[in-house]
Peer 1: 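Quick one: the structure is below, and I'll ask about it shortly.
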Amino acid sequence: MLYAGGVSATTRLYHDDPLLLAFEARVVGHGNWQGKPSLWLDRTAFYPESGGQMADRGSLAGLPIVDVQVDDAEVVHHLVEGPLPALGAEVRGEIDPARRRLHMALHTGQHMLSRALCDVAHADTVSSRLGENACTIDVDRAELDERAVASAEDLVNTVIDDDAVVRAFFPAPAELAALPLRRKPKVDSHIRVVAIGEFDVSPCGGTHCLRTAQVGLVKVTGLERYKGKMRVNFSAGRRAREELSRQSELLHALGRDFTCGPTDVPAAVHKLRRDLVEARESLGEARARLAERAALELLSAARSMGETRVVAAFEAVDIPFLRAVAKRITTEPAFVALLAARVAEGLLVLAARGAQSDFDCGGFLKRIAAAHGGRGGGRPEMAEGRLPSHVDWSPAGLYPFG
Ligand SMILES: [Zn+2]
């Protein structure tokens with residue numbers, strides 16, 4: 001590993017100014033982070049991944065930044081695409097502004113929501129994560145009342161409207177001891193504190209908005225149980241606006257489909273569901289009538305030939321139809337129904353017997369399936385199966401199996 005001078009902690013420019021989006025710095029070392037070459041600077045405005053906040057992106061000496069990390073010695077590692085600039089070189093860094101602004105909003109929103117959950121729902125934050133696609137706050141509660149969470153969200157958005165000043169500073173030990181910190185610091189020296197008006201004071205090293213109005217909006221997007229605790233999913237800033245905008249577009253599109261306004265979509269879905277239930281009921285009734293008619297025709301044909309065995313294959317019917325036909329046929333105690341439905345995948349088959357018959361339905365289908373492939377089996381009274389489409393489902397074809 002090469003470096004100029006001793007290893008010393010990188011000066012973090014974003015501590016004083018989270019909106020410093022371009023800076024000049026000197027290359028003081030070539031290091032590596034998990035086997036990949038990294039660049040050390042005397043100072044940086046790039047936020048390294050830490051404290052649940054993702055790293056910044058942007059460019060350094062014109063090279064795209066792919067990751068920013070910090071090691072135990074507080075040295076910030078910049079991972080870039082391309083050959084590393086030489087030791088001692090003066091380089092310019094430019095931070096991706098949209099990503100930084102989003103992280104500022106998410107992080108400030110998280111502090112406010114954690115405070116509000118504490119005040120309104122008596123739920124203390126155990127951990128939080130500001131992810132690439134989703135943000136979460138885990139609280140030390142096994143249950144959370146949805147209304148309390150809605151009140152917490154409302155309180156946060158009121159503080160956003162109030163446009164309170166957000167201040168980040170390094171207090172002296174005496175001043176720190178007097179601060180009403182929401183949680184204990186994770187480090188024991190050089191503790192940075194973020195104060196959001198009079199609303200919340202927390203130790204944090206992240207990038208935050210300068211005023212609460214810059215957060216724009218905080219939206220709770222869901223509650224879930226997680227490892228015996230409750231997890232609050234939330235969004236803030238541009239991401240919250242974009243998500244709500246996408247949902248609004250979806251609702252409008254649904255409204256166009258239903259030829260109604262977006263607010264009438266729930267009623268339209270309710271009506272559609274009711275119509276579906278009614279359609280299913282009348283389909284069931286029609287199926288029962290058709291099955292009854294088919295059963296009677298088959299029974300009459302069998303009787304005219306002195307048979308008590310009904311063999312039939314249907315086109316374009318389903319298993320519930322076969323069951324209905326078989327049920328009607330086997331109300332005649334001596335009769336056996338051997339029915340099939342031709343479908344794309346082969347034959348759906350069913351065997352059922354009346355109360356006085358000793359025909360073994362399960363054994364019968366098992367023997368056919370063993371001879372032709374497919375599967376079949378069940379009780380002596382009733383069995384179902386699926387056979388290949390080449391099976392000859394006629395009295396002659398079924399004769400060898402029982
Ligand atoms: Zn923070």
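Counting starts at 1 for both ligands and their atoms, following the listed order. Every heavy atom of this structure was used, including side-chain atoms; hydrogens, water molecules and symmetry mates were not.
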Peer 1: Considering the Zn ion (ligand 1), could you give the total of protein N/O/S atoms lying closer than 2.8 Å?
Peer 2: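 N, O or S atoms of the protein closer than 2.8 Å: 4.
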Peer 1: With sequence neighbours left out, which residue pairs that include part of residues 139-174 fulfil the ring-ring contact (aromatic ring centres under 6.0 Å, His included) condition?
Peer 2: His15-Phe170, Phe170-His190
Peer 1: Excluding sequence neighbours, so at least two apart, what forms side-chain hydrogen bond (donor to acceptor under 3.5 Å, both in side chains) with Glu249?
Peer 2: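 Residues passing side-chain hydrogen bond (donor to acceptor under 3.5 Å, both in side chains) with Glu249: none at all.
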Peer 1: Going by the side-chain contact (heavy atoms from CB on, under 4.5 Å) test, name the single residue among Val159, Asp154, Ile160 that passes it with Val156.
Peer 2: Ile160
Peer 1: Throw together a table of side-chain donor-acceptor distances under 3.5 angstrom for residues 351-363, partners on residues two or more places apart or in other chains.
Peer 2:
residue, atom, partner, partner atom, Å
Arg353, NE, Ser357, O, 3.4
Arg353, NH1, Phe359, O, 2.8
Ser357, OG, Phe359, N, 3.1
Asp360, OD1, Gly362, N, 3.3
Asp360, OD1, Gly363, N, 3.1

Peer 1: Just wondering, do His30 and Trp40 contact through their side chains at under 4.5 Å, heavy atoms?
Peer 2: no
Peer 1: Using a 4.5 Å cut-off on heavy atoms from C-beta on, say whether the side chain of Arg12 contacts that of Pro48.
Peer 2: yes
